[in-house]
2 protein chains.
Amino acid sequence: MLLLDESELKKGQWAVPGDGLAGDEGFDDGAARILRALSRDTTAYMEQSRVTNELEHFNKGSLMTVGYFSTVSKKRFVINSSLYRQRILWWPLNQLPTLSLIHERLIRRAFVQLQSQVSKQPLGFYLLDNQFTIFQLQKLLERVLDKKYDRPNFRRKALATGLLEPLNVVEQDVSHRPAKLFRFNTEKYKLLERNFKFSF
Amino acid sequence: MLLLDESELKKGQWAVPGDGLAGDEGFDDGAARILRALSRDTTAYMEQSRVTNELEHFNKGSLMTVGYFSTVSKKRFVINSSLYRQRILWWPLNQLPTLSLIHERLIRRAFVQLQSQVSKQPLGFYLLDNQFTIFQLQKLLERVLDKKYDRPNFRRKALATGLLEPLNVVEQDVSHRPAKLFRFNTEKYKLLERNFKFSF
DNA sequence: GCAAAAGTGTTAATCGTACACCCATGA
DNA sequence: TCATGGGTGTACGATTAACACTTTTGC
């Protein structure tokens, strides 16, 4: 579930997408620019993760990396530039290709941070499409938090938040009773904001 | 509850203690060194907070600041060098002196992070001395999380964690019934570690 | 009919919360 | 004696967790 980019330095070496800062650009701005260069989806949640502990030394000077992570819907994620299109792949977190130690650590750290943010921000909703079933939301949280939930109970709790707006539309072409589709009610969330607690 | 250092640049200007990195020192190492330069207490919890978003530009080049926060017991905190002794003061978070915008933001951000770590790490215990009463722990969490708790209920919950080891000693010289003193059971905590949840 | 997930209902156990109440100490 | 916090008990309501059951779809 992670986006990786083929590095320019070595063939076949995968890396987290990144770039240097342009001019007097801030770090947050730089990270946003990198994400925009990859995809047209602008609804993503983004957060600074951590600075690599070590400086990388080159003959020209030293380099430090500031990690950011973002939650993007795989379906909404549309690769922007044809330049990148050939060099981007999604990888499942438990089957990452060989990475530099620095990038490996950035990813592990970002995932821990994502897990801890899930209950404080409606991250689950950023990861899904505009229309989703409650079961999809459940499966998502189960994967992020590595837990199992009881379906009926999860459903009630999710609905009890009042943040799921029914769309009066159902799934199509599924070999079981089709589920109602919902969307995340951004307006109601804005009202809660500070008091939000998605404690599953 | 915050340690601030008088800056060398301007008289009467307060700042978060900091320093540049020495040689090829890592960020965590640098932060630990700065803390050690201030105090002899080595039990402190320390965590990277955030990189300032803006680079500061000087004629010589650009400067970026990586924020760290640490929880230290005020009683155990012994100022190390006589050089610092004159220039260090504790300030309550709600009555900070005038600070640069960058330092102000670092502090606010670190406090939010501290609040969110309290339930995942036994931070409360780092902030107290080796011997403490349950009521002291309660008051500490109440200040950090800006909540009020019922004393009897807090007591039961704290004891239920199994992480408080009774010392069979009581407070001295208090004008009320003396409370039993406890210490944090580090060994038992090590066993939990990953599953630790101090949800008050 | 079968499998799979949708959705509703129900119950017991657990937990949070709000108190009442007695205890021990210094002033 | 009073004020202050220490410490135990308890009772009610809310929340959680477990699972039984009916529904709707595709194969």
Item to check | Per-nucleotide protein contact string for nucleotides 19-27 of chain D (B base, S sugar-phosphate only, - none; heavy atom under 4.0 Å) | outcome: BB--BBBS-
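- Scored by the side chain to side chain contact (heavy atoms under 4.5 Å, CB included) test, B/Gln95 finds B/Pro92 as partners (sequence neighbours excluded).
- The interatomic distance linking B/Gln136 (CD) with D/dT4 (P) rounds to 18 Å, in whole Å.
- Within residues 158-166 of chain B, no residue places a heavy atom under 4.0 Å from DNA chain C.
- Scanning DNA chain C 5' to 3' for nucleotides with an atom closer than 4.0 angstrom to a non-hydrogen atom of chain B gives a first and last hit of C/dG16 to C/dG26.
- Through direct or indirect side-chain contacts shorter than 4.5 Å among Ile, Leu, Val, Met, Phe, Trp and Tyr, A/Leu167 is connected to A/Val169, A/Leu181.
- Taking atom CZ on B/Phe182 and atom C1' on D/dG7, their separation rounds to 10 Å, with Å as the unit.
- Ring pair B/Trp14/B/Trp91 is perpendicular by interplanar angle, where above 60° counts as perpendicular and below 30° as parallel.
- The phosphate of D/dT16 (OP1 or OP2) has a side-chain N or O of A/Lys157 nearer than 4.0 angstrom.
- Its side chain outside the 4.5 Å cluster rule for every partner, A/Leu191 clusters with none of the Ile, Leu, Val, Met, Phe, Trp and Tyr residues.
- Judged as a side chain to side chain contact (heavy atoms under 4.5 Å, CB included), and not counting sequence neighbours, the contacts of B/Arg33 are B/Asp19, B/Ala22, B/Glu25, B/Arg36.
- In terms of the side chain to side chain contact (heavy atoms under 4.5 Å, CB included) criterion, residue partners of B/Arg156 (sequence neighbours excluded) are, by chain and number, B/Pro152, B/Asn153.
- Residues passing the salt bridge (charged side-chain N to carboxylate O under 4.0 Å, His left out) test with B/Lys148 are B/Glu142, sequence neighbours excluded.
- Taking atom CZ of A/Phe154 as the reference point, atom C1' of D/dA18 lies 17 Å away to the nearest angstrom.
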Side chains of residues 173-180 of chain A: which donor-acceptor partners sit under 3.5 Å, not counting sequence neighbours?
none

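- Partners of B/Tyr68 according to the ring-ring contact (aromatic ring centres under 6.0 Å, His included) rule, which considers only residues two or more places apart in sequence or in another chain, do not exist here.
- The side chain to side chain contact (heavy atoms under 4.5 Å, CB included) test applied to B/Thr161 returns B/Leu163, B/Phe198, not counting sequence neighbours.
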